[in-house]
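Numbers restart at 1 for each chain; the letters A, B, ... are given by sequence-line order, proteins then strands.
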Number of protein chains: 2
Amino acid sequence: MTEESRPERFLQIGEAAERASLTQRTLRYYEEKGLLNPPTRMDGGFRLYSPEDIERIDRIKQLKELLGFSLAEIKEMLVAEDVRTQIKAEWRRDADADEKAEKARTAREVTLHQLALIDQKMEKMSSLREELAQRVQRYDELLVRFAESKEPEPAPSQS
Amino acid sequence: MTEESRPERFLQIGEAAERASLTQRTLRYYEEKGLLNPPTRMDGGFRLYSPEDIERIDRIKQLKELLGFSLAEIKEMLVAEDVRTQIKAEWRRDADADEKAEKARTAREVTLHQLALIDQKMEKMSSLREELAQRVQRYDELLVRFAESKEPEPAPSQS
DNA sequence: GGTAACATTGACGTGCGCGTTAATGTTGGT
DNA sequence: ACCAACATTAACGCGCACGTCAATGTTACC
């Protein structure tokens, strides 16, 4: 409900940073490192982030915090995203259809690769989860035994 | 099948590092930072890692690479593990049962917290997974349309 | 007992992902 | 025209997680 969804306006760096819970420095850094393409500027040179830029920022945050990828890795992963927007932009222009299809195939491949990475991580995670769950169960059993040795004659208790 | 499972012998740092695909420096660093308790030593001062130590090293690697936690966070998380082995070691000694129960409760709590963290991550991951899967599907549809516009009269093909 | 392989403790170096400060420019409102 | 709020680049700094010497000691084996 408090979800900050895609804005309809262009945002200056301050607002953009706040939305994503990042700092302005971080956004500039991402741009410097090629993760964000240079946003448009106002006459005075102030950065103006488009809704697409904002989405991309969220994407980066997601990939970083969730999957723990390095910025370099994320940069690679975002190639697929780039191709996608590029295709969209060129859609009704007279670009070579074969070329576009090739790009789409590439983007598909990259996305599939990301999917595979995620699946790998999720598998490992769920086996770790299992391990921990079992451990909790063993603690429970242990605690029950402690309680039993203390209360040989369990009295009926409420609540 | 190539899985390096728990060894029966004590290992020197070289072998231990190789098993975990880490460097000797890293193992010493983990010890320095209190993630690994100081292993036993040979007469000359060479470190000897017990099977339990080796397990713990794998644990750390798991938590770091899988969940992207910092070493400081991992250190905290391993408290539960410590309590567990401590309880095991003290098991038949005349330590205060209440105290042991209290430790077990603490360990249980910490483990539950870890479980909650993992569940959070897995939820976010699976929604990201969904997003990507849908994207692949859209690429597929796109490519089908490309193929159709190229081949208005599909010829029966084998293989 | 020599020597190759393996280890030890410093100590400094490094890359990443920003934080922070300084000096300066821009925008929007009164 | 002025002012506060917001932005800019450039540069240095910093904590983390190790890498990388260097100088020295240990072990195992022939």
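Rounded to whole Å, atom P of C/dG17 lies 16 Å from atom NZ of A/Lys61. Atom-to-atom, CD of B/Glu73 to P of D/dC16 comes out at 12 Å; the value is rounded to the nearest Å. Between the C1' atom of D/dC6 and the CG atom of A/Leu11 lies a distance of 14 Å, rounded to the nearest Å. Summarising the geometry, the separation between CZ on A/Phe69 and P on C/dG17 is reported as 13 Å, rounded to the nearest angstrom. Atom CZ in A/Phe10 sits roughly 18 Å away from atom C1' in D/dA7 (whole-Å rounding). Here the C1' atom of nucleotide D/dA11 and the CZ atom of A/Arg25 are 10 Å apart, to the nearest Å. Distance NZ (A/Lys33) to P (C/dG17): 8 Å, rounded to an integer number of Å. The distance from atom NZ of B/Lys75 to atom P of D/dC16 is 12 Å, rounded to the nearest whole Å.
Close to C/dG19, at under 4.0 Å from its OP1 or OP2, lies a side-chain N or O of A/Thr26. Distances shorter than 4.0 Å separate none of the side-chain N or O atoms of A/Tyr30 from OP1 or OP2 on C/dG17. Side-chain nitrogen and oxygen atoms of B/Arg47 include at least one within less than 4.0 Å of the OP1 or OP2 phosphate oxygen of C/dT8. At the phosphate of D/dC6, neither OP1 nor OP2 sits under 4.0 Å from any side-chain N or O atom of A/Gln12.
How far CZ of B/Phe46 is from CZ of B/Arg41: 10.5 Å, rounded to the nearest 0.5 Å.
Residue-to-nucleotide proximity on DNA chain C shows that, of A/Phe46 and A/Lys64, the 5′-proximal contact is made by A/Lys64. In this structure, B/Tyr29 and A/Ile13 both approach DNA chain D, and ranking their closest nucleotides by distance from the 5' end singles out A/Ile13.
Looking at the side chain of A/Arg28, the nearest of the listed nucleotides D/dA11, C/dT9, D/dT9 is D/dT9. Of the candidate nucleotides C/dT8, D/dT20, C/dG28, C/dG28 has the atom nearest to the side chain of A/Met42.
Using a distance-only test at 3.5 Å, with no hydrogens or angles considered, no donor-acceptor pair links the side chain of A/Asp140 to the main chain of A/Gln137.
Heavy-atom neighbours of B/Lys61 NZ from other residues, nucleotides or ligands within 6.0 Å: above the threshold of 12. The environment of CD in B/Glu18 is sparse: at most 12 heavy-atom neighbours from other residues, nucleotides or ligands sit within 6.0 Å.
Checked for salt-bridge contact, A/Glu102 and A/Arg105 meet the test: a charged N lies under 4.0 Å from a carboxylate O.
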